[in-house]
Protein chains: 2
Amino acid sequence: MGDRPNGSANGSGARSRLVAAATAAFAERGYHATTTRDIAARAGMSPAALYVHHSSKEELLFLISREGHHAALRVIREASPDDAEPFARLHATVRAFTLWHAEHHTAARVVQYEGAALSEEHRREIVQVRREIDRHMRDVIIAGVDQGVFAVPDVPGTTLALLSLAVDLARWYRDDGRRSAESVADLYADLAVRMVRADGQPVAPSVDSSKINC
Amino acid sequence: MGDRPNGSANGSGARSRLVAAATAAFAERGYHATTTRDIAARAGMSPAALYVHHSSKEELLFLISREGHHAALRVIREASPDDAEPFARLHATVRAFTLWHAEHHTAARVVQYEGAALSEEHRREIVQVRREIDRHMRDVIIAGVDQGVFAVPDVPGTTLALLSLAVDLARWYRDDGRRSAESVADLYADLAVRMVRADGQPVAPSVDSSKINC
DNA sequence: GTCTATAAGATGATAGAC
DNA sequence: GTCTATCATCTTATAGAC
């Protein structure tokens with residue numbers, strides 16, 4: 001823990017402050033529209049100070065992207081124990097993935113939309129994590145299909161759709177919007193269950209379909 | 001028709017060639033990472049020639065964004081006649097919107113992800129069209145709810161989800177990928193029907209859902 | 001309408017004082 | 001570790017010849 005003046009788990013050091021500043025700037029304006037001067041200023045430093053803590057602007061992007069991808073993978077793994085009942089497991093997985101994108105929509109925006117600016121080497125590392133996220137979601141669906149309780153004609157396509165719903169949150173979600181992170185997560189988890197249920201399957205114990213509002 | 005050397009419906013003039021070049025460049029690298037030199041070179045011109053036909057790089061973005069938004073609105077309106085049966089109407093609307101995003105994924109990417117780079121005035125104009133797209137999709141859902149054949153607890157949220165599915169195509173769809181535009185459109189139209197159907201409603205929809213009582 | 005040349009300013013990153 | 005000053009390059013856009 002004493003390798004650096006501030007441990008990497010400590011968010012108060014200059015290094016972490018720069019990562020936070022870069023996250024805010026990249027999310028707000030995009031990687032290419034963000035200048036190193038902008039990042040340094042948000043962190044309360046001169047432009048040169050950035051390079052004492054990080055080797056380049058791209059390295060900052062990589063750190064944000066890597067941490068965000070690992071966090072997203074972590075939350076869906078923790079929400080999806082192998083022995084859970086398929087509907088509950090799908091519900092929990094989609095809910096957790098959506099909730100992460102809503103609550104961390106600033107980081108999520110960088111994670112989902114700025115990957116093209118990564119170096120070739122860094123992108124390869126990120127793609128591995130993305131594949132694991134995709135595989136996990138697909139496995140959750142496959143478990144329900146194998147147990148005969150999901151009716152899913154196109155498993156990879158439905159996987160893609162469920163991931164897309166949450167990913168797109170990074171584009172439109174706002175802290176000052178009308179929807180809470182929890183309410184969107186509940187909604188998308190409900191929609192996920194609706195997507196996979198067979199014809200006679202009720203949508204969920206918690207949802208009263210007679211309460212129709214606009 | 002003779003106001004300009006090349007009418008605006010003609011895609012062969014220098015002006016249209018620059019719009020096409022800018023669309024490809026913005027989609028591939030993003031607005032801010034694209035230089036006016038890139039655009040001019042793709043159109044086979046010198047950097048200065050761009051300014052003979054367009055007043056700025058931002059104007060090119062606006063032309064692409066405006067045309068794309070109007071095209072997307074047009075396709076869903078044409079797919080959604082007011083008197084159609086609700087399930088068929090929803091299916092056709094989601095199918096058309098998804099198909100447009102897949103077949104025009106290059107323009108769609110600019111339309112959906114580069115709006116932040118528009119000038120304040122241009123953004124206001126684009127936002128109006130986006131509101132009309134949202135309203136149209138919502139109205140298609142409301143029609144099914146009002147007729148008692150859809151069971152939708154959260155209409156604005158479900159509207160958002162359906163739009164999100166297609167929008168996110170602009171992020172991941174590739175011409176050389178495994179899925180055809182039609183197959184994704186069919187899949188998402190099917191998922192849309194699954195999202196709104198009541199517990200006893202079969203997935204395969206079409207003409208015979210007028211017997212559901214509510 | 002197209003070109004070459006260039007203005008005017010911004011940008012990522014570095015040098016060297018403290 | 002932070003600063004000021006600066007380099008080398010790139011960027012949008014314009015000027016003026018043809």
Side-chain angles (χ1 to χ4, degrees), chain A residues 2-8 10-26 28-65 110 114 116-122, chain B residues 2-8 10-23 25-26 28-64 110 114 116-122:
Chain A
D3 292 303
R4 263 198 305 270
N6 288 289
S8 55
N10 184 341
S12 65
R15 187 177 156 87
S16 297
R17 241 172 43 238
L18 283 161
V19 172
T23 303
F26 293 163
E28 197 175 307
R29 320 226 309 121
Y31 177 80
H32 290 290
T34 298
T35 68
T36 53
R37 283 165 175 78
D38 189 10
I39 298 167
R42 281 180 195 248
M45 298 174 205
S46 73
L50 187 153
Y51 294 92
V52 174
H53 303 282
H54 299 282
S55 64
S56 70
K57 180 179 152 185
E58 191 272 343
E59 192 209 66
L60 276 164
L61 175 64
F62 174 61
L63 292 175
I64 297 162
S65 188
V110 182
E114 303 297 335
L118 288 168
S119 72
E120 197 55 48
E121 187 186 351
H122 285 161
Chain B
D3 292 305
R4 263 197 306 269
N6 288 289
S8 55
N10 184 341
S12 64
R15 186 177 157 88
S16 297
R17 244 174 38 241
L18 283 162
V19 172
T23 303
F26 292 162
E28 197 174 306
R29 320 225 309 119
Y31 176 81
H32 289 290
T34 299
T35 68
T36 53
R37 281 168 173 76
D38 280 347
I39 298 167
R42 280 181 196 246
M45 300 174 204
S46 72
L50 187 153
Y51 294 92
V52 174
H53 303 283
H54 298 282
S55 65
S56 70
K57 181 178 151 185
E58 192 272 342
E59 193 210 65
L60 277 165
L61 175 64
F62 174 61
L63 292 175
I64 297 162
V110 182
E114 303 297 337
L118 289 167
S119 71
E120 198 54 49
E121 187 186 353
H122 285 161

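All values derive from a computational prediction rather than experimental measurement. Naming: A, B, ... by sequence-line order, numbering from 1 per chain.
- Residue H32(B) places no side-chain N or O under 4.0 Å from the OP1 or OP2 atom of dT11(D).
- Near DNA chain C, defined here as any heavy-atom distance below 4.0 Å, the residues from residues 41-50 of chain A are A48(A), listed numerically.
- Residues satisfying the side-chain hydrogen bond (donor to acceptor under 3.5 Å, both in side chains) test with E121(B), not counting sequence neighbours, are none.
- Applying the salt bridge (Lys or Arg N to Asp or Glu O under 4.0 Å) rule to E59(B) yields no partners; only residues at least two apart in sequence or on another chain are considered.
- Distance, E59(A) CD to dA13(C) C1': 14 Å, rounded to whole Å.
- L18(B) has its CG atom 13 Å from the P atom of dA13(D), to the nearest Å.
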Below 3.5 Å between N/O atoms, which protein atoms pair up with nucleotides 9-11 of chain C? Just atom names and distances, please.
none

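- Applying the salt bridge (charged side-chain N to carboxylate O under 4.0 Å, His left out) definition to pairs two or more places apart or across chains, none involves residues 46-55 of chain B.
- Residues D38(A) and R29(A) meet the side-chain proximity criterion, which asks for heavy atoms closer than 4.5 Å.
- Contact check for M45(A) versus V52(A): no side-chain heavy atoms found under the 4.5 Å cut-off.
- Within the 3.5 Å criterion, the main-chain N or O of S119(A) finds a donor-acceptor partner in the side chain of E58(A).
- Under the salt bridge (Lys or Arg N to Asp or Glu O under 4.0 Å) criterion, E28(A) pairs with R42(A), not counting sequence neighbours.
- One atom, CD of E58(B), and another, P of dT11(D), lie 19 Å apart when rounded to the nearest Å.
- Contacts classified as ring pair (Phe, Tyr, Trp, His ring centres under 6.0 Å) and involving residues 31-59 of chain A (residues at least two apart or in different chains) are given here: F26(A)-Y31(A).
- At whole-Å resolution of the value, CG in L60(B) and P in dA13(D) are 10 Å apart.
- Nucleotide dT2(C) holds its C1' atom 11 Å from the CZ atom of R17(B), rounded to whole Å.
- Taking only side-chain atoms of Y51(B), from C-beta outward, the nucleotide of dT14(C), dA13(D), dT2(D) with the closest atom is dA13(D).
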